[in-house]
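One structure below.
If you're wondering where the values come from, they're calculated on a predicted model, not measured in any experiment. Keep in mind that the numbers below use all heavy atoms, side chains included, and drop hydrogens, waters and symmetry copies. Note on naming: letters A, B, ... go to the chains in the order of the sequence lines (proteins, then strands), and numbering restarts at 1 for each one.
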2 protein chains.
Amino acid sequence: MPSANAVLKNPIETPAEPEKRVRNRAATEQAILDSAKRLLAEEGFQNFGINAVARGAGCDKQLIYRYYGGLDGLVEAIGTDLGSWVKDRIPDDTGGMFLLTYGDLMERLALLFLDALRADPLMRRIVAWEVSENTEQVRRLSEARSKALAGWIDRMRGSLTPPKGIDAVGVNAMIFAAIQHLVLSATVSGQCAGLALKTPKDWEKAATALKRIVRGVYG
Amino acid sequence: MPSANAVLKNPIETPAEPEKRVRNRAATEQAILDSAKRLLAEEGFQNFGINAVARGAGCDKQLIYRYYGGLDGLVEAIGTDLGSWVKDRIPDDTGGMFLLTYGDLMERLALLFLDALRADPLMRRIVAWEVSENTEQVRRLSEARSKALAGWIDRMRGSLTPPKGIDAVGVNAMIFAAIQHLVLSATVSGQCAGLALKTPKDWEKAATALKRIVRGVYG
DNA sequence: CCAACCTGTCACCAGCCGGTGAATAACAAG
DNA sequence: CTTGTTATTCACCGGCTGGTGACAGGTTGG
């Protein structure tokens with residue numbers, strides 16, 4: 001029965017034209033990286049795996065091992081991108097405002113960060129990942145993210161210094177923590193601790209509350 | 001070869017005494033529920049599944065289907081427990097303090113919640129789960145949690161009302177969001193946005209910052 | 001004693017996962 | 001045309017997952 005094999009190989013009908021995939025390593029690497037970012041942003045870290053990334057990139061998973069040394073390397077590559085990612089998404093200037101006081105600065109930083117996080121699914125997923133798992137993968141990603149963020153804040157800070165007698169590190173950690181959890185919770189459930197977060201108006205109220213908190217501390 | 005079967009059934013040696021498992025449905029149900037809570041608290045929601053729970057409970061997974069109707073029902077049972085869970089872990093009284101102002105109240109609530117969350121791995125995992133996934137399971141769990149929490153706050157509030165002109169819902173959402181993210185981040189990485197959160201002294205600083213924020217808004 | 005019921009166990013399924021060794025197809029140089 | 005290199009795919013493995021049907025073993029009631 002030599003014909004049986006042939007049937008398995010190609011079941012008559014249209015020759016199927018296997019898409020004439022070009023041989024281009026750089027493009028493939030990019031496709032893999034894009035697939036990984038897209039998958040992570042859209043589906044979250046739960047179903048994030050070698051097989052899914054390969055499927056999304058339309059190539060064999062073997063290539064991920066070859067080009068990135070496995071999922072870990074791929075995640076690291078995502079982390080490397082994160083620096084520029086932040087720079088692209090959050091304005092680096094003062095937006096034409098004069099930031100006279102530390103309070104002015106922190107209010108602006110808080111609002112910018114809030115909007116940036118709301119607009120960036122990938123970053124949100126990474127933040128959620130960070131508080132859910134403690135693997136080497138996540139730790140590296142987390143480090144890259146916090147570094148990028150710290151750099152941004154430092155660039156914006158200029159020569160402004162916090163008021164004396166206030167533990168700015170502690171207070172700012174609280175403020176950024178609040179923003180992150182607020183946005184994550186809103187993304188998942190449309191609300192946070194009883195505060196609705198769906199309409200633009202809802203978000204205005206949140207922004208107002210945020211400003212109130214910043215100003216309450218820094219004046 | 002009828003002996004081969006017998007060998008597979010019992011390889012001679014000690015009769016092994018299969019532990020004389022008692023037949024007690026109530027106890028088994030409890031064992032399953034305990035296993036589920038323990039597993040969720042210790043391992044997180046990532047590896048939380050029927051097989052793992054059954055292994056932890058030392059029984060067959062079939063019983064989880066029988067008694068709880070599957071994982072969903074089991075999660076729901078955890079949620080049902082959550083009300084009493086909260087009551088057991090967070091003091092319901094004022095701790096002998098007189099809460100004169102709304103600011104007094106919120107400061108106390110914030111600090112109590114911070115400590116309670118720090119001390120409760122299960123609750124932390126649930127919070128992390130809430131911001132990571134949006135399935136029916138998690139939604140129900142989340143609802144149970146927020147209800148228990150809202151009830152607690154309401155009991156503590158008594159007749160105190162927030163100052164006029166302040167959106168207490170918004171501000172409080174921020175405060176509780178900050179606490180939750182701070183504790184989650186600390187649990188995973190020992191820090192949050194550059195603020196170290198390991199030693200008791202670190203946590204004192206965090207508490208001070210938290211108080212400063214609350215007082216900044218509510219006086 | 002037998003029958004019905006309840007608790008618990010076991011064996012098995014299909015499906016997906018991460019991971020690996022070998023084959024294949026396109027291209028470049030000789 | 002041949003040879004070698006590189007990009008890409010394929011076939012397969014063991015292991016784990018959720019899910020189900022059949023069966024064994026006590027317990028109860030007639």
Side-chain angles (χ1 to χ4, degrees), chain A residues 4-11 15-36 39-40 43-76 133 135-137, chain B residues 4-11 15-36 39-40 43-76 133 135-137:
Chain A
N5 239 339
V7 168
L8 276 180
K9 262 290 188 189
N10 201 342
E17 279 296 331
E19 276 298 327
K20 244 321 191 178
R21 185 150 183 73
V22 287
R23 286 165 60 88
N24 181 345
R25 170 161 181 168
T28 303
E29 285 186 3
Q30 192 58 46
I32 291 173
L33 189 57
D34 288 347
S35 166
L39 199 69
L40 190 51
E43 307 288 331
F45 56 94
Q46 292 274 58
N47 301 327
F48 186 75
I50 281 267
N51 290 301
V53 172
R55 254 195 312 273
C59 72
D60 197 274
K61 58 181 167 181
Q62 179 76 22
L63 298 184
I64 299 176
Y65 288 105
R66 277 229 229 293
Y67 297 157
Y68 291 95
L71 241 186
D72 296 19
L74 185 51
V75 169
E76 199 142 5
E133 221 175 18
T135 61
E136 192 59 31
Q137 271 183 20
Chain B
N5 238 339
V7 168
L8 276 179
K9 264 287 188 190
N10 201 342
E17 278 295 330
E19 275 299 326
K20 247 308 189 184
R21 186 150 183 72
V22 287
R23 285 163 60 87
N24 181 343
R25 170 160 179 170
T28 303
E29 283 186 3
Q30 191 59 47
I32 292 173
L33 189 57
D34 287 348
S35 165
L39 198 69
L40 189 52
E43 307 288 331
F45 56 93
Q46 294 274 57
N47 300 326
F48 185 73
I50 280 267
N51 290 302
V53 172
R55 257 196 308 273
C59 71
D60 196 276
K61 58 181 166 182
Q62 178 76 25
L63 298 184
I64 299 177
Y65 288 105
R66 272 227 247 291
Y67 298 155
Y68 291 95
L71 240 187
D72 297 19
L74 185 51
V75 169
E76 200 143 3
E133 219 175 18
T135 62
E136 191 60 31
Q137 271 182 21

- Residues at least two apart in sequence or cross-chain that pass side chain to side chain donor-acceptor pair (under 3.5 Å) with B:Glu29, listed by chain then number, are B:Arg25
- Is any side-chain nitrogen or oxygen of B:Tyr65 closer than 4.0 Å to OP1 or OP2 of D:dG18? no
- Atom pair distance, as rounded to whole Å: CD in A:Glu29 and C1' in D:dA7: 11 Å
- From CD (B:Gln137) to CZ (B:Phe45), nearest 0.5 Å: 11.5 Å
- Query: So how far is it from A:Thr28 OG1 to A:Ile64 CD1, rounded to the nearest 0.5 Å?
  - Reply: 11.0 Å
- Query: Does OP1 or OP2 of C:dG8 have a side-chain N or O of B:Thr28 closer than 4.0 Å?
  - Reply: yes
- Are any of the side-chain heavy atoms of B:Asn51 and B:Lys61 separated by less than 4.5 Å? yes
- Taking for each residue the nucleotide of DNA chain C bearing the nearest heavy atom, is the 5' side occupied by A:Arg55 or by A:Asp60? A:Arg55
- Task: Can you tell me the distance, in whole Å, between the CD atom of A:Gln62 and the P atom of C:dC17?
- Result: 17 Å
- Starting at atom CG of B:Leu63, determine the distance to atom P of D:dG25, rounded to an integer number of angstrom. 17 Å
- Query: Phosphate oxygens OP1/OP2 of C:dG8: is one of them under 4.0 Å from a side-chain N or O of B:Arg23?
  - Reply: no
- Note on the structure: Sorted by position of nearest nucleotide on DNA chain C, 5' first, the leading residue of B:Lys61 and B:Arg25 is B:Arg25
- Query: For A:Glu43, which residues count as a side-chain contact (heavy atoms from CB on, under 4.5 Å) partner, sequence neighbours excluded?
  - Reply: A:Leu39
- Once you round it to whole Å, what is the distance between C1' of D:dA22 and CZ of B:Arg66? 11 Å
- Sort and list the pairs that fulfil salt bridge (Lys or Arg N to Asp or Glu O under 4.0 Å) and have at least one residue in residues 64-76 of chain B, not counting sequence neighbours. B:Glu76-B:Arg140
- Query: Given side chains that start at C-beta, do those of A:Gln46 and B:Gln46 come closer than 4.5 Å, heavy atoms only?
  - Reply: yes
- What residues in residues 44-53 of chain A put a non-hydrogen atom under 4.0 Å from any atom of DNA chain C? A:Gly49, A:Ile50, A:Asn51
- Item | Difference in axis direction between the ends of the helix from C:dC1-D:dG30 to C:dG30-D:dC1, five pairs, 10° | 30°
- Set of side-chain contact (heavy atoms from CB on, under 4.5 Å) partners for A:Asn47, sequence neighbours left out: none
- A:Ala57 and A:Ser35 have their tightest heavy-atom pair at N-OG, 3.3 Å
